[in-house]
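Written below as structure tokens is the structure these notes are about.
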Amino acid sequence: MADQTHSGPEDGRPGTSEEMLGLTQIGDDPHVSPEVDAFISRTLSNLDQPPMPDEVAKRIFSALSAESAVRAAQTETTGTPADELARRRRRGRWFVAASGVAAACALGIVVGSTVLSDPGAPASQIQASAIPMSASGMHYEEQNLRSQVSEQISTWRSMATATASQLAPTEPVATPDVTTTDNPSRVTVPGAAALAAARASITECVKNVSAGTPMHVDIGLYRAPAQPVEQQVAVVAVPAAAERMVDVYVVGLGCKGSDTQLRAHVRIPDPG
Amino acid sequence: MERVSGPPDDWRTDHELMAAHVAGDPHAFEIIVQRHRDRFWAVALRTTGDPEEAADGLQEALLSAFRNAGSFRGDSAVTTWLHRVVVNACLDRLRRRAARPSVPLPGADTDFGSGMLADPTDPLGAKELKIEIDRALRELPADQRAAVVLVDVEGYSVDEAASILACPSGTVKSRCARGRAKLAVRLAGVRNPSVGEGVGYSSTEGGETA
């Protein structure tokens with residue numbers, strides 16, 4: 001009988017024949033003996049954890065910090081503790097909140113979509129809930145601001161489209177604040193509840209930096225020239241008066257009223 | 001899965017930290033992520049097979065979990081819930097990527113970290129096997145890869161993996177078996193000194209084992 005087991009480490013090769021593995025073919029899938037199955041399982045269990053690269057860690061923790069800052073701003077402004085919202089959800093009232101948030105989101109998306117297609121919408125139409133917002137935690141840089149925002153605009157537009165389709169009346173409502181329980185990661189829309197407070201102050205702020213209606217506001221990080229550290233900012237994209245151009249304002253998160261905390265302003269072509 | 005202590009220094013359990021996060025503690029969620037960051041990264045990386053996709057998927061997942069922590073009911077380990085979010089985000093990205101296929105850059109093989117296979121007696125064989133395992137895992141269908149990564153690499157029980165993947169335990173078992181079989185075929189030609197000591201490949205003729 002031919003030796004159909006591998007020959008061990010002496011020749012350095014266990015062999016490659018399928019017979020050696022006790023292989024059979026069922027449908028498209030191979031099947032192996034329980035011993036081989038166990039060996040593969042054991043081999044995989046010996047794999048080490050690859051450490052998270054520093055640049056990935058930095059990016060993720062920056063994003064979480066930005067999100068945390070927005071949430072803190074919400075609590076400070078509305079006076080509604082986060083645990084109270086959670087308690088309401090646990091009491092089963094979440095559907096009431098969901099309806100409210102969904103309506104607010106829908107309004108934001110509808111108006112946001114209108115804004116995207118109608119750059120000339122008057123500033124008087126601006127409402128707090130109408131500005132699509134996100135908290136990407138992105139590291140905006142002075143020298144790359146134009147290209148970064150240009151890329152982001154495309155992302156925001158696709159996000160608005162996807163979100164609008166998610167909230168269509170025939171679909172189950174999935175809001176960012178009140179998640180579905182079967183697959184929370186599918187909820188990719190910005191945290192509307194967490195951003196609600198920031199909306200109000202930033203909307204007010206936007207009126208003072210631009211007469212236009214913002215197409216999107218993103219919370220991220222920005223290091224101004226001559227500043228040693230990054231600061232949390234709101235990047236506000238507003239359709240410019242010039243056709244197919246977008247004004248980009250970088251303002252501090254504390255931007256309120258006439259205190260715009262303007263860090264940067266550039267005008268870029270609308271990526272379309 | 002529940003951690004009581006460990007870096008970063010905080011005596012609270014994951015459950016307590018999650019509750020603190022929901023209650024408004026601005027640092028609690030970051031402590032959880034810091035505590036398990038390498039594990040989350042490993043799962044994301046091995047599920048996607050691509051560092052860029054893994055980083056994007058992980059960020060998307062953790063932000064989603066941050067916002068939706070209120071939906072965590074506390075009837076499973078926090079890490080199980082978070083792994084569920086991470087794996088689902090990664091699988092979603094893979095599905096989206098499948099809809100827009102791209103050509104990988106030459107030499108874009110991913111090094112998943114050093115010393116993946118602990119075998120100090122034969123570093124060359126271990127290195128070769130490590131590279132082949134990386135490749136073989138990436139070639140598995142996404143659902144089988146996710147099951148194998150969770151059960152075999154991360155050590156989750158079949159039931160826990162089923163909870164993470166939101167499918168029946170039998171499905172996880174089946175995916176693992178099919179995935180391991182494909183890996184066995186793929187790895188059969190690789191020099192591996194540890195194979196000779198305990199593999200026990202079945203002979204088709206006599207059930208002989210080595």
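Numbered from 1 within each chain, the chains take letters A, B, ... in sequence-line order.
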A quick test of your reading: do over 12 heavy atoms of other residues, nucleotides or ligands sit less than 6.0 Å from CD of B:Glu52?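 Atom CD in B:Glu52 is not crowded, with 12 or fewer foreign heavy atoms closer than 6.0 Å.
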B:Val153 and A:Leu47: which non-hydrogen atoms are nearest, and at how many Å?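 Shortest heavy-atom separation between B:Val153 and A:Leu47 comes out as CG2-CD1, 4.2 Å.
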Can you give me the closest heavy-atom contact between A:Ser68 and B:Pro26, atom names plus distance?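 In this case the closest contact between A:Ser68 and B:Pro26 is OG-O, 3.1 Å.
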Got B:Leu183 and A:Leu44 here, is their nearest side-chain heavy-atom distance under 4.5 Å? yes
Top residue by heavy-atom pair count (under 4.5 Å) with chain B, among A:Ala63, A:Ala66, A:Ser41?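 Looking at each option in turn, the highest pair count goes to A:Ser41.
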Taking atom types as modelled, find out whether A:Ser65 and B:Glu30 have a side-chain donor-acceptor pair closer than 3.5 angstrom.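 Present: a donor and an acceptor within the cut-off.
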Would you give the length of the straight line joining atom CD1 of A:Ile40 to atom CZ of B:Arg186, rounded to the nearest 0.5 angstrom? 11.5 Å
About how many Å separate CG of A:Asp37 and CZ of B:Arg178, when rounded to the nearest 0.5 Å? 13.0 Å
Results of side-chain contact (heavy atoms from CB on, under 4.5 Å) for B:Ala54 - residues two or more places apart only: B:Trp41, B:Ala44, B:Leu45, B:Thr48
Of the backbone (N, CA, C, O) and the side chain (C-beta and beyond), which part of B:Phe29 lies under 4.5 Å from a heavy atom of chain A, both, or neither? side chain
Under 3.5 Å, which donor-acceptor pairs link side chains of residues 51-62 of chain A to any protein atom two or more places apart or in another chain?
| unit_1 | atom_1 | unit_2 | atom_2 | d |
| --- | --- | --- | --- | --- |
| A:Arg59 | NE | B:Gln59 | OE1 | 2.6 |
| A:Arg59 | NH1 | B:Asp56 | OD1 | 3.3 |
| A:Arg59 | NH2 | B:Asp56 | OD1 | 2.4 |
| A:Arg59 | NH2 | B:Gln59 | OE1 | 3.4 |
| A:Ser62 | OG | A:Lys58 | O | 2.8 |
| A:Ser62 | OG | A:His139 | NE2 | 3.2 |

If you apply the rule side chain to side chain contact (heavy atoms under 4.5 Å, CB included), what do you find for B:Asp152 with A:Ser45, and how did you get there? CA-CA 5 Å; B:Asp152 291 330; A:Ser45 71; 5.7 Å; no
